[in-house]
Structures are given as structure tokens and as C-alpha cells.
Undergrad: 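One structure, pasted below without further comment.
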Amino acid sequence: MVIRILRQLGVFLLTALAASVVVFTLLSVVPGDPAEVALGTSATPEALEAQREAMGLDQPAPARYAEWIMGLATGDFGVSAVTQQPVIDELAPRLGTTLLLVGAGMGVALIVAVPLGIVAAIRHNKPDGAFFSGLSQLGVAVPAFLAGILLITVFAVHLRWFPSGGWVRPGDGLGDLLRHLALPALSLGLVQGAVLARYVRSSVLDVKREDYLRTARAKGLSPNRALMKHGLRNAAIPVLTVSAVQLTVVLIGAVVIERVFVINGLGDLLLMKIDTRDMQSVQAIVMVLVLAVLLINLIVDILYTIIDPRLRERA
Amino acid sequence: MRPRPRALIAAALTAVLISGCAVGTPESQSAEGEITVALGASPVNLDYTSSSGAAIPQALLYNVYESLFKLDANGELQPLLAEDYVISEDRLTYTMYLRQGVTFSDGTPMDARAVKYSLDRLDEWTTAPGGLLSVIESTAIVDDHTVNVHLSAPDNMLLDNLAGPGGTVFKPGTEGELASTAIGTGPYTVESYTPGTTLRMVANDDYWGGEPPAERLTLDYYADMTAQTNALLSGGADVGLALQSPELLSQFEDDPAFVVHEGTTNGEMVMPINMRREPFDDLRVRQALRHAVDGDAVREVAAEGYGAPLNSLVPPTDPWYDDRPDPYPYDPDRARELLAEAGAEDLVIDFKVPSLPVYQTTAQVVASQLRDVGLDVRTETLEFPAVWLAQVFSGHDFDITVINVVEPKDVVQFSNPDFVYGYQNPEADEILNRARTGDPDDYVPLMREYANLVSDDAAAHFLYLTPWLTVSRADIEGVMPNLAGESYDMTQMRRTTDQNTGQDGS
């Protein structure tokens, strides 16, 4: 098991390194010159030259990459050439906001998906089961930002139950924070919950057909008890895989949702930094998102070995 | 399933496309003695010597930093850190007499040494104000409060330029820290700036001009216009500046809790015509474009009828403004005739449009009017500012574009052939040169002649003067209605009662 985890760690590091090359390369070919953006319509060729030098853009790309990656390895994200502030100072508080949003969104997704999926599976040939199944089908079709706009229209503009946007830091009042968190978390969570519910349903349907469940029922357990006792743990493995993918989708969805709800998170910062071509910051944010996704996968891989003893033996 | 970084970036870029507008978040509720101002575009940092963007001097100049002179709300030159000046006979030496007893907010005295330091550093600026003052050859300290400024040639624009960011007096030795700290002599000091979000200023209690009228000014930046107006409506802001969407104004106009100020800026919405390309080097084609597009119709759609008509790159607040009739009034028939004369009826026009909403609406009207005279207009939206700057501004790869030019006295930009217009006319250059270096009495008439000649040459279409729309809560006074220079002067802003009328909310 230790070897398996070490191997996964190695894969994690190699993937992260490969991702850093991709991120750096892609961002260097994005049109638009950071020095030009910094100087705007007042730029003269001499001033541009001086600005490029000041921003370190006169260095060749491999040198810039090497400097960046060496910094990253020591946890140093560098200094933004645009704001001339350490990148980490702008990034860290916003990362907290985004993680809170993602956590809440994923929480909503799970709360929606697990009961909905199980009910839809147990009653899959009955009208109400079909209804829940159809409901999740509808949810799959709605993108998170549209859900956000619809929720704002109904609950903020018409009913005035929740604010239409904005954010409160956790220190400034929990109740207020929850009010601001409700709609964005719902917009992220409902859609993903609907997607996830379909996996829960099919996964539960699959285990219902397994021999061991028939054996359990032959021992005298009712179908539902047999499912609860022996089926759900097995059904959880594919659901866990999908949840990990979903978590990354929620993370990316948060980037858009932050715009819709005027939330000062990482996504909002990313879009602002793209506008000003603050490449040190953009690289750092994208890399943090990449690392988060890789980390989620690493954790899920490790969780498999815990949930499924068979994987432990194979390793 | 394995994570796919490329899919991630694609998703992030999709997010950029989906969200048409940027946002910032309100953080503050006004406390007593505090005035919260909601603005649009935010400063990228605090250093206007190396970063462009009108937002930086708008927030800092006169409020935190002070320059030698000042342009008041009517565009008139007033003394600020220079109390008086004497110009030598040959007009090459300006002796500046500095205000005494002025200190920087950290207690360092503001003296001749600081002025010399600041003016000598102008050639290190990478932004425009440094270049505007390149005529300054050297400076010399006469005594603690007197400085001689020597010019390489007489310049009638010198004092105006010294009233802008270029005339700022910085604390000696601060050049490496300007992006994140701002130590000035003004009535407010910067307490903190979270880029893109909130700029907090506190009163400078030792201000030479007496105690500032507010204890704190909090500037909240909203790239999303609905969020900006919502902040006003919900009490999250006391003043909303430079409202970008005039259509949102109506909800304030009938509400006694608010005052709506309609002011002017020196931002001109222009349609540059790329004279480097055929057939736009033909005056008749450019004239046709002027006749074909109705600036008032554009203004009606893009600015809800606010703002003012223009027929040259001179706002009414400039001394050389001329209210002569438009040489090329809206006349589609004449446009068709001119195009026929020039043999350009089947012209295909490459119209590059910056991605901001105001340019999109402006471009729709412009394109439809150009199509009405039979032109084949192909519009292409470019991400603003980065891609637009690269392709249009530096790359000159366009036939026409639209852009709001906001620098004061920006008509002189036509003298730079590398500028977006690509305008070259030796006769115009000669007039401008005489205006700047000749007899001061001829300065204003010659500048007027220059601006009119540029307009007669149809170097661009001058669509409209952009409005400066401000909404303030009724208990706030001292709100400047206009943006005459590069600074937005908040030094008179005060609350009339101690009562905070804003309610909770967000």
C-alpha cells in the first residue's frame, strides 16, 4: 500500500511539472504584451523597451520559466510585474474564499445527489423514480452560471430573500456570510448534484444486480436493508470517482459563479489579472487550480485503497 | 479520469467570454466621518509614473499627491505647491516660488530639493506625462523654496502639464516604492490598497491647507455597473462616480435621497481612421465616413443622450474650444457622392472594436450607418485592452476603430505619426509648433487653428464628448461635477450631518 501511495505521489509531481510547462507555454502565446497594457495609449517605443526590461520580459522564455519553477518549488510565487506586490499576498485571501464556495457547492451537490440517486434507483421502474430521474436530467442541462442568474432573478430581485451578490468575510458575521453564500452555493451545487445523482442511480442499480445482494436477500434481509448494508459501500466507489471529477468541475465553475455573484475569489482575481496581462499572477492562479485538481485526484486514489480492500491486495 | 490542464485553461478562458464584465466587491459600509465612493475601472497599482490607466491619477492626484499647479473644475489653472512663478525674458527659465510649511505625510518637508528630485526624474517615467514635459532640460535649486526650471525651447503648455501628474512633487528617494505606497503632500494619505477592490484613504491631519473635510475616504471599485448602482441603492456607497451605464441613472433621478450630477470630462469618443491604408489616405473617403456617421445618434444609443456633440478633439473646457458648425455634418447622400467620386463605393471596411460594452454599442450604430451608405463593414471584437493595443494601437492593423481618448489636451497626439491615427500634415505640425513655442498671446488661437485643421482633414470622426455622471447621497456636499483634468478632486467632499443615512445591506 505504501508503494502504491508513493507511486501516486510520483505521478502527482510529474503531472504537476508537465502542467507547469503547459501553463507557461500557453500563457506566453496569449496575444497582448504586458508592457503594452501597462503603458496603454501613452506608449512610445522607448518607453515600451524600458517597461519590458523592468518587467523582466526581455529575458528569454526558458530563463523566465526556470526562474518561475525554481520559485514555485520553494513556495515562492514571485512578485507581480504589474502591481509590484508579492503574488501570494493577493492570492491567499482569495483562495480561502473560493475554497469555502467550492466546499459549500460540493456539500449541496452531495446532499442533493445521494438521496435523489438512491430513490431514483430503488424506484427506477415506478413513476416517482422516473420523475426524480427526469429531474436530474433537467439539472444536467443547466449550466451553473445560468442557474445563478435564475436564482438571482427569483430569490434576490423578486423575493428579496438573499443578496444578489457580494461577500462577507467569515470573521464579519456568520449569518451574513451564509446569506451571501446561499445562492452561489446552490447554483454550483444543484447542477453538479443533478449530474452526480445520475451516477448514484446507475451505480446503485448496478449493485442491485450483483450476486452478493441476492445472497444477502436469501439470508432473509429485505431488499432495501440488503442494499443499505452491503450495496452502498460498493456503489460508493464509482460515485467517489465521479465526485472527484465533479469537485474539479465545481472549482472551475466557481470561477464563473464568482463573476455572477460579485465574489472576491480566485476566479474573479484570475479574470482581472488576465485583463491586465499580469502573467506572474495568472500563472500562479492557474497553477494553484491545477495543483488543487491533481491533489483531489491523489486523495481520491488513496481513498480507493481504503474503501476497497481488493485494491490494497493487488498493490 | 485524469485531470486535463488544457481543459482547465479552456474553461477559464470560456469564463472570460461568458462574463462580459468584470467585478469588484464592496467591502465597506460607511461609518461616521467616512465617505464611501463607488467607482468603475480600478488602478492596477499606485504608480502613475510607470503604469497607465486614468484610474491612478484620478484617485491620487490632488487627493494624495499634489502637483505644482492645479486645474480646477472649470479647467482653469490655479497655484498649488508653487505659489507663484516668474518667466524669464527668453521664456526658457521658469522660477517657481514654492509654498512654505508644507510637509509630506510622513513629516519630511516639501522643499526645492523634492521639486528638483521630482522634475529630474521625469525622463524615467514610462507613461505619457513624462514625455509631455521632455522640454524641461534641467532644474536648479535657488534656495529652500525656490527652483529654476530651464527649458530647451519655450513651451506654452508647460504650466498646464505641470498641473497634471507630471507636476507631482514626490518625496525624494521613493522611486522604488511608488507602486504600493503613496507619500504625498495632499489632504489624504493612502492607508491600504487591495488591487481591483478597495483603496482606503485617511485624512492627513497635518495638511497645510487645514483639516480635511472627511476622516476617511473609501474608494470601492466595481467593474460591474449594476453592482455599482446597487451599492448606492443599498447604502453601501455615498457617491457613485463615472457611472458607465446612463440607463441606470433614471432610478436615482426621482429619488430625493440622491443628487444626480451631469458633468463633462475631457474624454472624447473618437473613430480613428487609419490613414496609412488605402483608400483612407484619400481625403474624400474620410470625409464620406464623417458625413455617413451621425455622432448624435451614436451618443443617443451609447450614452443615453448624455454628454455633448463634438466636431474636433477639443472639449468645451479647453480654452481653444471652437463652437463652429461641424465641417462634415451628418449627410448620407453627400457621403455616397464622395465615395463615388473616390471610386470607393464597394469598400470593405475592417472595423476593430474593443470588447468593452460602451464600444460595442457605439460600434453597432457606427457600423449600421456605414452600411446605410453602401459600405461593407466587417466588425471584429478585440479583447480590451491587451489585444486591441497590440493589433490596433501598436500593430496599426485596422481600417477604423473606436476609442475614448481621455488625456487632457490630447489633440497634440495628432502630431505623432506613430499614434493610432497615422496623421501626417507638415502644415499642421508647423501650426502646432508655433502654438507651443511662439508668442504666448498666439497660443490659444493657434491651438484652435490646429484642432480645426485636423478635423477638416478628417483624420478621425469625433463622435461625442463622454459624460461624467455622478450620483451622490443628498447629505454629501462638495462633489465635483466635472472631470476637467486627470485628477478627480475629492478634497471638498464632506458629509453635512454626522448622521449616517446609509442603511445596512449590500
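Just so we're on the same page: letters track the sequence lines, and every chain starts at 1. These figures come from a predicted structure and were not determined experimentally.
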Undergrad: Side chain, backbone, both or neither: which part of B:W388 has a heavy atom under 4.5 Å from chain A?
TA: side chain
Undergrad: Under 3.5 Å, side chain of B:N45 to main-chain N/O of A:V82, donor-acceptor pair present?
TA: yes
Undergrad: Identify the two heavy atoms, one from B:S394 and one from A:E36, that lie closest to each other, and give their separation to 0.1 Å.
TA: OG-OE2, 2.5 Å
Undergrad: Flag the pair A:R94 / B:T197 as yes when at least one side-chain heavy-atom distance between them is below 4.5 Å, and no otherwise.
TA: yes
Undergrad: Heavy-atom count check: over 12 atoms from other residues, nucleotides or ligands less than 6.0 Å from A:Y199 OH?
TA: no
Undergrad: Mind checking the CG-CZ spacing from B:L389 to A:R277? Nearest 0.5 Å is all I need.
TA: 10.0 Å
Undergrad: By a 4.5 Å heavy-atom criterion (distance strictly below it), what part of A:Q85 contacts chain B: side chain, backbone, both, or neither?
TA: side chain
Undergrad: Can you confirm whether A:E90 sits close enough to B:T194 that some side-chain heavy atom of one is under 4.5 Å from a side-chain heavy atom of the other?
TA: no
Undergrad: Atom CG of A:D275 and atom OG of B:S355: how far apart are they, to the nearest 0.5 Å?
TA: 7.5 Å
Undergrad: Among A:E46, A:Q51, A:Q84, who wins on heavy-atom pairs under 4.5 Å with chain B?
TA: A:Q51
Undergrad: With a 4.5 Å cut-off on heavy-atom pairs, point out which of A:T83, A:V37, A:L48, A:T276 contacts chain B the most.
TA: A:T83
Undergrad: If we define contacts as heavy-atom pairs under 4.5 Å, which of B:P43, B:P385, B:P195, B:S42 has the most with chain A?
TA: B:P195
Undergrad: Counting neighbours of CD on A:E49 that are heavy atoms of other residues, nucleotides or ligands and sit closer than 6.0 Å, is the number greater than 12?
TA: no
Undergrad: Which heavy atom in A:G32 sits nearest to a heavy atom in B:A390, and how many Å separate them?
TA: CA-CB, 4.3 Å
